[in-house]
Structure formats: C-alpha cells, structure tokens
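Keep in mind that this is a model prediction, so the values were computed, not measured. Hydrogens, waters and symmetry mates play no part in the numbers below; they use all other heavy atoms, side chains included.
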Amino acid sequence: MAVKNAMTSDFLHSAYGGESMAHMRYLTWGTMAEKEGFPNIAKLFEAIAYAERVHANNHFKEIGGNTADATVVAGAVFGTGKTVDNLQGAINGELHEVEQMYPVYLNAAEFQEEKGAQRSFHFALEAEKIHAELFKQAQDAAKGNQDIKLEAVYVCPICGHTILDGAPDNCPVCGAKKEMYKKF
C-alpha cells in the first residue's frame, strides 16, 4: 500500500535515492580498499553496501509504486580517494542519516501515522548507527596502515542490522532469525 501523505512520500523517495547511492558508493570504495591492501575493509564496505540496498528496497516497497515525477535529493560525497578518506565520507554520510535525516523522516511518518514508513525509517536508523561505528573502527585501523580485524560480517536481510563475526540468534532490530543473516 502506498503512503497517503505527500511529505512522507517525499521522504521515502529521498531516502530511497540516498540509500541507492550509498550502496553503489560503498561497492566502489570497497574495490579501492581491496586495491590498497585492506581486504577486510573491502568486505565491510561490501556488506554495508548490501545493508544499504536492503534499506533502499524497504523504502521502495513503502512508496508503493508511486514513482512518477519524483525528484530525489540525496546529498553525499562522490568520487574516490584513499581508503581513509573514503571511510571518512562513509562516516559523515552515516552520521548525517543518524543525527539529522532519519530522526526527522521517522518523526514525520509517526505524525502522519504512516506505519510502513515508520518501520522502514526505524530499521534504517538503527542500522546506520552501527554502520557509523563500524566505519570508524575501520578508519582507525586504516590510519595505522592496518586492516580491520574481522572474520566475517553478517547483515540482516530484513532491516540491514550489521554485526561482525557472528549473527545473533534473533536480530535485535527486527527479530529475524540467525539463519536469515547474509554472511560476507
């Protein structure tokens, strides 16, 4: 079912665009990290790119097919640099979503009683908090010319929750079972 309120619809479109762009940007930055000798940071970028795709898909579902003439504004850095710089771009983007974008979008969806949009925005907000922290850990390692230490990255395909080295029995954000997590 499509959202009923234009403001929430606009926010879903904007979030869809931003998450789609983050997905592609992180794949590109993962390739750069691999080339610079950071295979685990590359893996982290790939896993979080998948989480961003989950968010984009959730937002798109809530739009409900109402995509005609939608203007999508999604601000973020473009281009590639050194892995340390790309990680800073990722941190900045995630913090923007956590501190500014998703709280406002979620508040509007709650005010307008758009339950599906509330769910989609909540899932993204909770995952982005984790992404910012994981990118910070990776950047701290890369600043010392080290790769981040990890065995695997696990991502919930329902909400994008991301965790290192082992999936929980149930996702703390959406309740999905451990077996559903995608391993990178």
Side-chain H-bond candidate by donor/acceptor type, S120 with E62, under 3.5 Å
no
Closest non-hydrogen atom pair between A47 and V153, with its separation:
CB-CG1, 3.4 Å
Should H122 and V173 be marked as a side chain to side chain contact (heavy atoms under 4.5 Å, CB included) after you check the CA-CA gap, both sets of side-chain angles, and the distance that decides it?
CA-CA 9 Å; H122 169 71; V173 178; 4.2 Å; yes
Test log, rule side chain to side chain contact (heavy atoms under 4.5 Å, CB included), inputs F38 and E34:
CA-CA 5 Å; F38 299 116; E34 185 77 40; over 6 Å; no
Between Q112 and T8, do the side chains contain a donor N or O and an acceptor N or O under 3.5 Å apart?
yes
On a heavy-atom basis, which atom in W29 and which in A90 lie closest, and how many Å separate them?
CZ3-N, 3.6 Å
Under 4.5 Å side-chain heavy-atom separation, chaining through any Ile, Leu, Val, Met, Phe, Trp or Tyr, what else clusters with M24? Say none if it is isolated.
L27
Please give me the minimum heavy-atom distance between A42 and A33, naming the atom from each residue.
N-CB, 3.8 Å
Which pair of non-hydrogen atoms, one from I41 and one from A138, has the smallest distance, and what is that distance?
CD1-O, 3.7 Å
Please round to the nearest 0.5 Å and tell me the distance separating atom CD of E126 and atom CG of L106.
9.0 Å
Exam field: side chain D165 to backbone L150, donor-acceptor pair closer than 3.5 Å:
no
Measure from the ring center of F121 to the ring center of F11 and say whether it is less than 6.0 Å.
no
According to the interplanar angle, ranging from 0 to 90°, do the rings of F45 and F135 count as parallel (below 30°), tilted (30 to 60°) or perpendicular (above 60°)?
tilted
Side chains of H23 and Y50 only: does a donor on one sit below 3.5 Å from an acceptor on the other?
no
Nearest 0.5 Å please: distance from the CD1 atom of I130 over to the CD atom of E94.
10.5 Å
Side chain to side chain contact (heavy atoms under 4.5 Å, CB included), that's the test. Do E97 and E19 meet it? Break it down for me.
CA-CA 10 Å; E97 290 175 337; E19 298 292 357; 3.5 Å; yes
For G81 and N86, the nearest pair of non-hydrogen atoms, with its separation, is N-OD1, 2.9 Å
Got a donor-acceptor contact below 3.5 angstrom from the S20 side chain to the Y16 backbone?
yes
Closest non-hydrogen atoms of V84 and Q139, given as atom of the first, atom of the second and distance, are O-NE2, 3.1 Å
Once rounded to the nearest 0.5 Å, what's the spacing between atom CD of E52 and atom CG of N57?
11.5 Å
H55, H59, H131 screened by ring-ring contact (aromatic ring centres under 6.0 Å, His included) with Y102, the one that passes
H59
Test the K178-Y181 pair against the cation-pi criterion, namely NZ or CZ under 6.0 angstrom from the six-membered ring centroid and within 45° of the ring axis.
no
